[in-house]
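First the structure, in the form of structure tokens, and then the observations on it.
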There are 2 protein chains.
Amino acid sequence: MKVENIQSLKKILSDKGYKLTKARENTFSALLSPEPQSMATLIEKSQNKVDRVTMYRNIDLFEKLGIVNRIYVGWKYKLELSDNFMDHHHHLSCLSCGKVIDIEDEQHINEFIKSVTDKFSFTPRHHQFEIDGFCIVCSASKKK
Amino acid sequence: MKVENIQSLKKILSDKGYKLTKARENTFSALLSPEPQSMATLIEKSQNKVDRVTMYRNIDLFEKLGIVNRIYVGWKYKLELSDNFMDHHHHLSCLSCGKVIDIEDEQHINEFIKSVTDKFSFTPRHHQFEIDGFCIVCSASKKK
DNA sequence: CCCCTTATTGCAACAAAGTTGCAATAAAAA
DNA sequence: TTTTTATTGCAACTTTGTTGCAATAAGGGG
Ligand SMILES: [Mn+2]
Ligand SMILES: [Mn+2]
Ligand SMILES: [Zn+2]
Ligand SMILES: [Zn+2]
């Protein structure tokens, strides 16, 4: 669900009976970023514009409406605008040094997603594939 | 890292200079379950045997030692003994009703994991593949 | 088996994260 | 403009996770 501007945001909201408010405009503004952001960051960026509680409520709503994705990075989740139908979050994550390697292979994954979602008549919105283990460097030095 | 019994737990711990304590035995007992469990569940199962704080500390330790995996289910993480070299955690998770559907297809996934980890000389310990979206029921009934 | 050293525990106190009820307010519709 | 209804902010609360520290218990050596 791509949101181009405030107008398209308003349409998405009103189509479902929700109102476009100042708080929601500000929530959307805070989400504009090249990187996924933590809830704490969004709250801080909007301080004295959007109340904490309202931020939680609107992020929940936006996620339900498909405007944002919640992804896991390390041990916590972050939020991002779901600009593309399906962003790719596939990575190898080293449990020792924390290094994250991105996997490029869209081919296999997209085929797999289609076959499995079709089977269950599931409407996919977002996915994430993570392999935890040890990178080549940390595998070599096996201590601790 | 498979832990067969208390003896093997003691070995894993002492090899790294950690002690086997009553609290750690009870932590291990609480982890015995066919399902991944939340931190809250583990704490409750061990109430008046292991202090909350100690539970957090020992779960952290166990994860570092490879005894437990932390996986994400819906919006939160759960913990499980890493009995098998690589447990399968592939699921479809409904953003609306929270229902989780397990994906059985090991074939494609294992092939994919092997190809990608080989490519980067990465030593996998655990993986997780999650597709968020809407189940057949919630897809049908649109709003809210 | 006892002593000694050191890791580990429990507790209290705190910090961070997320939730709920409700009266006041601001959208949107009429 | 008036009416209707969703939304907000606030206060209070619950849940989750962290830190410092004195008391305790595990394990090794004698
Ligand atoms: Mn992808
Ligand atoms: Mn599974
Ligand atoms: Zn590494
Ligand atoms: Zn559902």
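Below, read A as the first sequence line, B as the second, and so on, with proteins coming before strands; counting in each chain starts at 1. Note: hydrogens, waters and symmetry copies are ignored here, and every other heavy atom, side chains too, is used.
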Is the phosphate of D:dT8 approached by A:Thr21 (side-chain N or O, under 4.0 Å from OP1 or OP2)? yes
Taking only side-chain nitrogens and oxygens of A:Tyr56, does any of them come within less than 4.0 Å of OP1 or OP2 of C:dG18? yes
Contact list (N/O, under 3.5 angstrom) for nucleotides 12-15 of chain C vs protein:
none

Assuming nearest nucleotide by heavy-atom distance, tell me which of B:Lys10 and B:Ala40 is located more 5' along DNA chain D. B:Ala40
Specify the separation, in whole Å, of atom NZ of A:Lys78 and atom C1' of C:dA17. 16 Å
Interatomic distance where CG belongs to B:Leu13 and C1' belongs to D:dG27 [whole Å]: 13 Å
Evaluate the side-chain proximity of A:Lys78 to A:Gln37: yes if any heavy-atom separation is below 4.5 Å, no if none is. no
Any idea how B:Tyr77 and B:Tyr72 line up, ring-wise: parallel (<30°), tilted (30 to 60°), or perpendicular (>60°)? perpendicular
Take the protein atom CE of B:Met39 and the nucleotide atom P of C:dA17, then report the distance between them rounded to whole Å. 17 Å
Could you check B:Phe112 against A:Phe129 for ring-ring contact (aromatic ring centres under 6.0 Å, His included), going step by step and ending with a plain yes or no? CA-CA 11 Å; B:Phe112 176 75; A:Phe129 193 4; 5.4 Å; yes
Whole-Å distance, A:Ile59 CD1 to D:dT7 P, equals 15 Å
Side-chain heavy atoms of A:Asn69 within contact of A:Arg125, under 4.5 Å: yes
Flag yes if more than 12 heavy atoms outside B:Glu44 fall under 6.0 Å of its CD atom; otherwise flag no. no
Taking only side-chain N and O atoms of A:Lys22, does any of them lie within less than 4.0 angstrom of OP1 or OP2 on C:dA27? no
SB check A:Asp60 A:Lys64 (cutoff 4.0 Å): no
Protein-nucleotide distance (B:Leu42, atom CG; D:dT16, atom P), rounded to Å: 12 Å
For B:Met55 and C:dT9, what is the distance between atoms CE and C1' respectively, to the nearest whole Å? 13 Å
Please confirm whether the shortest side-chain N or O distance from B:Tyr18 to OP1 or OP2 of C:dT9 is below 4.0 Å. no
Please report, rounded to the nearest Å, how far the C1' atom of C:dG18 is from the NZ atom of B:Lys76. 10 Å
Whichever of A:Thr54 and B:Ser14 has its nearest DNA chain D nucleotide further upstream toward 5': A:Thr54
Of the nucleotides C:dT8, C:dT9, D:dT8, which has the atom closest to the A:Arg24 side chain? D:dT8
Honestly curious: do B:Val53 and B:Leu61 fall in one hydrophobic cluster under the side-chain, below-4.5 Å linking rule? no
When the distance from CG of B:Asp15 to P of D:dG28 is rounded to whole Å, what number comes out? 11 Å
All salt bridge (charged side-chain N to carboxylate O under 4.0 Å, His left out) counterparts of A:Lys19, not counting sequence neighbours: none
Do A:Phe28 and A:Phe62 have their ring centres less than 6.0 Å from each other? no
Check this for me: B:Lys45, atom NZ, are more than 12 non-hydrogen atoms of other residues, nucleotides or ligands nearer than 6.0 Å? yes
Atom pairs, N/O to N/O, protein against nucleotides 21-25 of chain D, distance under 3.5 Å?
none

